[in-house]
Protein chains: 2
Amino acid sequence: MEQLWAAPTALTVREVHEQLAGTRELAYTTVMTVLDRLAKKKLTERERDGKAWRYRAAAPREELAADLMRDALDRAGDRREALVRFVGQVSDEEAALLREALSRLDSQEQTG
Amino acid sequence: MEQLWAAPTALTVREVHEQLAGTRELAYTTVMTVLDRLAKKKLTERERDGKAWRYRAAAPREELAADLMRDALDRAGDRREALVRFVGQVSDEEAALLREALSRLDSQEQTG
DNA sequence: TAACATCTACTACGAAACGTCGTAGATGGC
DNA sequence: GCCATCTACGACGTTTCGTAGTAGATGTTA
């Protein structure tokens, strides 16, 4: 349902609909409704283009994932404990990525 | 709704209900239903105690938070990017906790 | 300007989840 | 046997989601 991230630019309902046509048989208005609801939830933004609306993801899906991770962490009670458990669940590869991200953060802080 | 984590041990419906009585006016059966639904979702476990059931959280809330963080990460597409963004959102304190958790992971790997 | 295509706004409907609760029946103590 | 207690199951309103139809506005074109 959220293959809007796949597209590089803002799309009209029609474009999304056509793009989906290969995969799923959905009514034009279905796509419209979904896009509209996503906009109401601030997950997409829209701008006028003639009489049509052009939709674009409000944030890349990675940002959304990061937000969800934050939300989860915020509901944790003891954040240290939650982070320890999270790190414990993560694959070696992901742990490495995390370290990398953290050190990137370091240099950012020093520079800016 | 999920103040079961607050309690140290397994509780009966009655106990949870009484414990909640100060904060919220809920029918006994409401508490029962909620506990039962949580059990169906494997968020609580229950064991017999006489004719009553005794419920306990299946995992500490920190574990649940960690699980949710994992889920979010899994839906990210580019996990590196998601982790970078997550780390970027996190407070300094949390970043420190993360580093700590990661180094704890290191020593664990060496030892066990 | 009238006819037509296109697009939106609004409404709807079924399914699932959730918060809330009641009734009926099983169980156990006195 | 009677009474309190506890569960099982069903129920109802609300929200979210996937799906779609209808009505009406707008732009195009002859």
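Residue numbers begin at 1 in each chain, while the letters A, B, ... track the order of the sequences. In this text the structure is predicted, and so the values were computed from the model without any measurement. Just so you know, these numbers use all the heavy atoms, side chains as well, and skip hydrogens, waters and symmetry mates.
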How would you label the contact of [X] with the nucleic acid (heavy atoms, under 4.0 Å): base, sugar-phosphate, or nothing?
| X | answer |
| --- | --- |
| R54(B) | nothing |
| R14(B) | sugar-phosphate |
| V34(A) | base |
| T12(B) | nothing |

Examine the base of [N] for any acceptor or donor lying under 3.5 Å from a partner atom in the side chain of [X], and report the outcome as yes or no.
| X | N | value |
| --- | --- | --- |
| T33(A) | dC17(D) | no |
| R37(B) | dT20(C) | yes |
| T30(A) | dG18(D) | no |

Respond yes when some side-chain nitrogen or oxygen of [X] is under 4.0 Å from OP1 or OP2 of [N], and no when none is.
| X | N | result |
| --- | --- | --- |
| R46(A) | dA9(C) | yes |
| Y28(A) | dG21(D) | no |
| R24(A) | dT19(D) | yes |

- Task: By nearest nucleotide on DNA chain D, pick out whichever of K51(A) and L26(A) is the more 5' one.
- Result: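 Counting from the 5' end, the first nearest nucleotide belongs to L26(A).
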Rounded to the nearest Å, what distance is computed from the [atom1] atom of residue [X] to the [atom2] atom of nucleotide [N]?
| X | N | atom1 | atom2 | value |
| --- | --- | --- | --- | --- |
| D49(A) | dT8(C) | CG | C1' | 14 Å |
| M32(A) | dG24(D) | CE | C1' | 12 Å |
| E25(B) | dG19(C) | CD | P | 18 Å |
| L35(A) | dT19(D) | CG | C1' | 14 Å |
| L38(B) | dA17(C) | CG | C1' | 12 Å |
| W53(A) | dC10(C) | CH2 | C1' | 16 Å |
| K40(B) | dA8(D) | NZ | P | 8 Å |
| D36(A) | dA20(D) | CG | P | 17 Å |

- Message: Between A52(A) and V31(B), which residue's closest nucleotide on DNA chain C lies nearer the 5′ terminus?
- Response: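 Residue closer to the 5' terminus by nearest nucleotide: A52(A).
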- Identify which nucleotide among dA9(C), dT7(D), dA20(D) has an atom closest to any side-chain atom of A27(A), counting heavy atoms from C-beta outward.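 Ranking dA9(C), dT7(D), dA20(D) by closest atom to the A27(A) side chain puts dA20(D) first.
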- Task: Of all the heavy-atom pairs spanning R85(A) and E81(A), show the shortest one and how long it is.
- Result: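 The answer is NE-OE2, 2.7 Å.
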- Query: Looking at S103(A) and E100(A), what are the two nearest heavy atoms and their distance?
  - Reply: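 Where S103(A) meets E100(A) most closely, the heavy atoms are OG-O, 2.9 Å.
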- Salt-bridge test for D36(B) and R46(B): reply yes if a basic N is under 4.0 Å from a carboxylate O, no otherwise.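 Result for this pair is yes, salt bridge flagged.
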- For E47(B), does the CD atom sit with more than 12 other heavy atoms under 6.0 Å from it, leaving out its own atoms?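 More than 12 heavy atoms, drawn from other residues, nucleotides or ligands, come within 6.0 Å of this atom.
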- Item | Member of V13(B), T9(B), D49(B) meeting the side-chain contact (heavy atoms from CB on, under 4.5 Å) criterion with R54(B) |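 Result: among V13(B), T9(B), D49(B), D49(B) is the only option passing the side-chain contact (heavy atoms from CB on, under 4.5 Å) with R54(B).
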- Task: Check whether any side-chain heavy atom of H17(A) lies under 4.5 Å from a side-chain heavy atom of T30(A), and answer yes or no.
- Result: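 Result no, sub-4.5 Å side-chain heavy-atom pair not found.
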